[in-house]
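In what follows, a structure is listed as structure tokens, so that the remarks can point back to it.
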Amino acid sequence: MIPLKILVTAGPTCEAIDPVRFITNRSTGCMGYAIAARGARAGHKLTLISGPVCLKPPDGVKTVYITTAREMFAEVKRHIKGKHCLIMAAAVADFRPAFCARQKIKKTNMPRTISLRRNPDILAWAGAHKSKMILAGFCMETQNLLTRAKRKQILKNVDFMVANKIEADGVPFGHKPASFVLFGPDGRKVFLQNASKEKIAGILLDKIQGMWYKRNPGRNAAV
């Protein structure tokens with residue numbers, strides 16, 4: 001097997017309100033780190049762009065740490081050249097505070113509202129610029145999962161979309177097994193029940209590898 005050059009994003013982003021407080025989400029980074037670790041063990045060349053998490057960097061993986069969505073966007077653009085695949089497993093914050101206070105906001109001066117600005121849509125940007133690169137994304141919803149995931153796959157020009165529903169007990173965040181639906185580029189869906197992050201990572205990487213070599217029979221991917 002000829003190794004692929006794969007770029008993976010993982011974890012949340014944090015968007016500062018003041019030097020103490022920030023907006024974030026419940027992503028733990030487990031999915032992205034599982035993909036990076038599994039890919040490295042399979043012999044692929046992995047670069048991982050990670051938001052703030054409490055996870056050990058995977059062995060054999062170049063890891064770049066960021067905090068905000070704009071920092072992640074800059075690192076994706078910096079590292080994407082020459083990659084065969086981008087897997088956007090990060091939970092990038094859609095919004096950031098319009099202004100970040102330079103000093104801690106005291107309770108007596110806390111504003112009634114916080115104005116927000118939209119962060120860059122990294123997945124949509126990648127879909128518009130991917131050329132022959134394979135693009136995989138993730139979709140997490142509380143309702144209408146299949147409809148919204150398929151719509152996101154089409155609108156953002158994504159080859160593989162992994163969808164999962166947020167449950168009352170916090171699944172799929174963290175290490176717990178969860179149910180996933182994998183949308184392929186041919187419209188077919190793979191349903192996986194009570195699957196570990198490692199299993200999802202293996203299936204996704206196998207699909208990506210199969211798609212690359214089908215497109216490029218006999219081609220040296222490392223060149």
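Owing to the predicted nature of the structure, the values given are computational and were not obtained by experimental measurement. Because only heavy atoms are used, hydrogens play no part in the values below, and waters and symmetry mates are left out as well, while side chains stay in.
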Can you check whether Met88 reaches Val158 side chain to side chain, under 4.5 Å on heavy atoms? no
Backbone of Lys5 reached by a side-chain donor or acceptor of His84 within 3.5 Å: yes
How far apart are the closest heavy atoms of Ser179 and Asn164, and which atoms are they? O-CB, 3.4 Å
For residues Leu146 and Met161: do they belong to one hydrophobic cluster (side chain heavy atoms under 4.5 Å, members Ile, Leu, Val, Met, Phe, Trp, Tyr)? yes
Counting N and O atoms only, with roles assigned by atom type, does the side chain of Lys197 sit under 3.5 Å from a partner on the main chain of Ala178, one being a donor and the other an acceptor? no
Side-chain (Asn144) to main-chain (Thr147) donor-acceptor, under 3.5 angstrom: no
Can you tell whether the side chains of Asp159 and Lys130 come within less than 4.0 Å, N to carboxylate O? yes
Nearest heavy-atom approach of Leu123 to Gly137 is CD1-CA, 4.2 Å
Have a look at Thr9 and tell me which of Val92, Val76, Ile122 forms a side-chain contact (heavy atoms from CB on, under 4.5 Å) with it. Val76
How long is the span from the CZ atom in Arg96 to the CZ atom in Arg117, to the nearest 0.5 Å? 6.5 Å
Carefully, step by step, assess Leu205 and Ile35 under the rule side-chain contact (heavy atoms from CB on, under 4.5 Å). CA-CA 8 Å; Leu205 287 167; Ile35 292 170; 4.3 Å; yes
Check the pair Asn119, Glu15 against side-chain contact (heavy atoms from CB on, under 4.5 Å), reporting the backbone distance first and the verdict last. CA-CA 10 Å; Asn119 274 325; Glu15 314 296 332; 3.6 Å; yes
Taking the side chain as everything from C-beta on, heavy atoms only, tell me whether Arg78 gets closer than 4.5 Å to Glu75. yes
Under 3.5 Å, sequence neighbours excluded: what are the donor-acceptor pairs made by side chains of residues 64-73?
| from | atom 1 | to | atom 2 | distance (Å) |
| --- | --- | --- | --- | --- |
| Thr68 | OG1 | Glu71 | N | 3.1 |
| Glu71 | OE1 | Thr67 | N | 2.7 |
| Glu71 | OE1 | Thr68 | N | 3.0 |

Does any part of the side chain of Pro12, heavy atoms only, come nearer than 4.5 Å to the side chain of Arg26, both counted from C-beta? no
A quick test of your reading: do over 12 heavy atoms of other residues, nucleotides or ligands sit less than 6.0 Å from CZ of Arg151? no
Is the closest side-chain heavy-atom distance between Ile6 and Ile134 below 4.5 Å? no
Ala91 backbone acceptor or donor facing Asn25 side chain under 3.5 Å: yes
List the steps and the verdict of side-chain contact (heavy atoms from CB on, under 4.5 Å) for Leu192 and Ile203. CA-CA 10 Å; Leu192 298 158; Ile203 292 172; 3.6 Å; yes
Please answer: with hydrophobic residues joined when any side-chain heavy atoms are less than 4.5 Å apart, are Leu135 and Phe160 in the same cluster? no
How many angstroms lie between atom CG of Asp59 and atom NZ of Lys56, to the nearest 0.5 angstrom? 5.5 Å
Walk me through it: do Leu7 and Ile87 pass the test side-chain contact (heavy atoms from CB on, under 4.5 Å)? CA-CA 6 Å; Leu7 181 62; Ile87 303 175; over 6 Å; no
How would you list, by chain and number, every residue that makes a side-chain contact (heavy atoms from CB on, under 4.5 Å) with Lys150, sequence neighbours excluded? Gln153, Ile154, Phe183
When clusters are formed by joining ILVMFWY residues with side-chain heavy atoms under 4.5 Å apart, either directly or through shared neighbours, do Leu182 and Leu145 land in the same one? no
Once rounded to the nearest 0.5 Å, what's the spacing between atom OG of Ser196 and atom CE of Met31? 8.0 Å
Answer yes or no: is there a donor N or O on one side and an acceptor on the other, between the side chain of Thr47 and the main chain of Lys62, under 3.5 Å? no
Do Val8 and Val162 share a hydrophobic cluster, counting only Ile, Leu, Val, Met, Phe, Trp and Tyr and linking them when any side-chain heavy atoms are less than 4.5 Å apart? yes
Looking only at heavy atoms, which two atoms of Ala16 and Pro97 are closest? And how far apart? O-CG, 3.3 Å
What distance separates Cys139 SG from Lys156 NZ, expressed to the nearest 0.5 Å? 8.5 Å
Taking Ala40's backbone N and O only, do any of them form a donor-acceptor pair with His44's side chain (distance below 3.5 Å, no angle check)? no
So how far is it from Ile114 CD1 to Ile23 CD1, rounded to the nearest 0.5 Å? 6.0 Å
Kindly indicate whether the side chain of Met133, heavy atoms from C-beta on, has any atom under 4.5 Å from the side chain of Ile80. yes
Does the side chain of Ile208 come within less than 4.5 Å of Cys85's, by heavy atoms? yes
Contact between Asn216 and Lys132 at the side-chain level, heavy atoms closer than 4.5 Å - yes or no? no
Taking side chain as C-beta onward, heavy atoms only, is Thr24 less than 4.5 Å from Thr13? no
One should read off an interatomic distance between Lys165 NZ and Met140 CE, to the nearest 0.5 angstrom, of 13.0 Å
In this structure, are over 12 heavy atoms from other groups packed under 6.0 Å from Asp186 atom CG? yes
Using the test side-chain contact (heavy atoms from CB on, under 4.5 Å), find all partners of Asp18 that sit at least two apart in sequence or belong to another chain. Val20, Arg21, Ala101, Lys104, Ile105
same_hphob_cluster(Ile200, Val190) at 4.5 Å side-chain heavy-atom cutoff: yes
Please confirm whether Arg38 makes a cation-pi placement over Tyr33, using NZ or CZ under 6.0 Å from the six-membered ring centre and within 45° of the ring normal. no
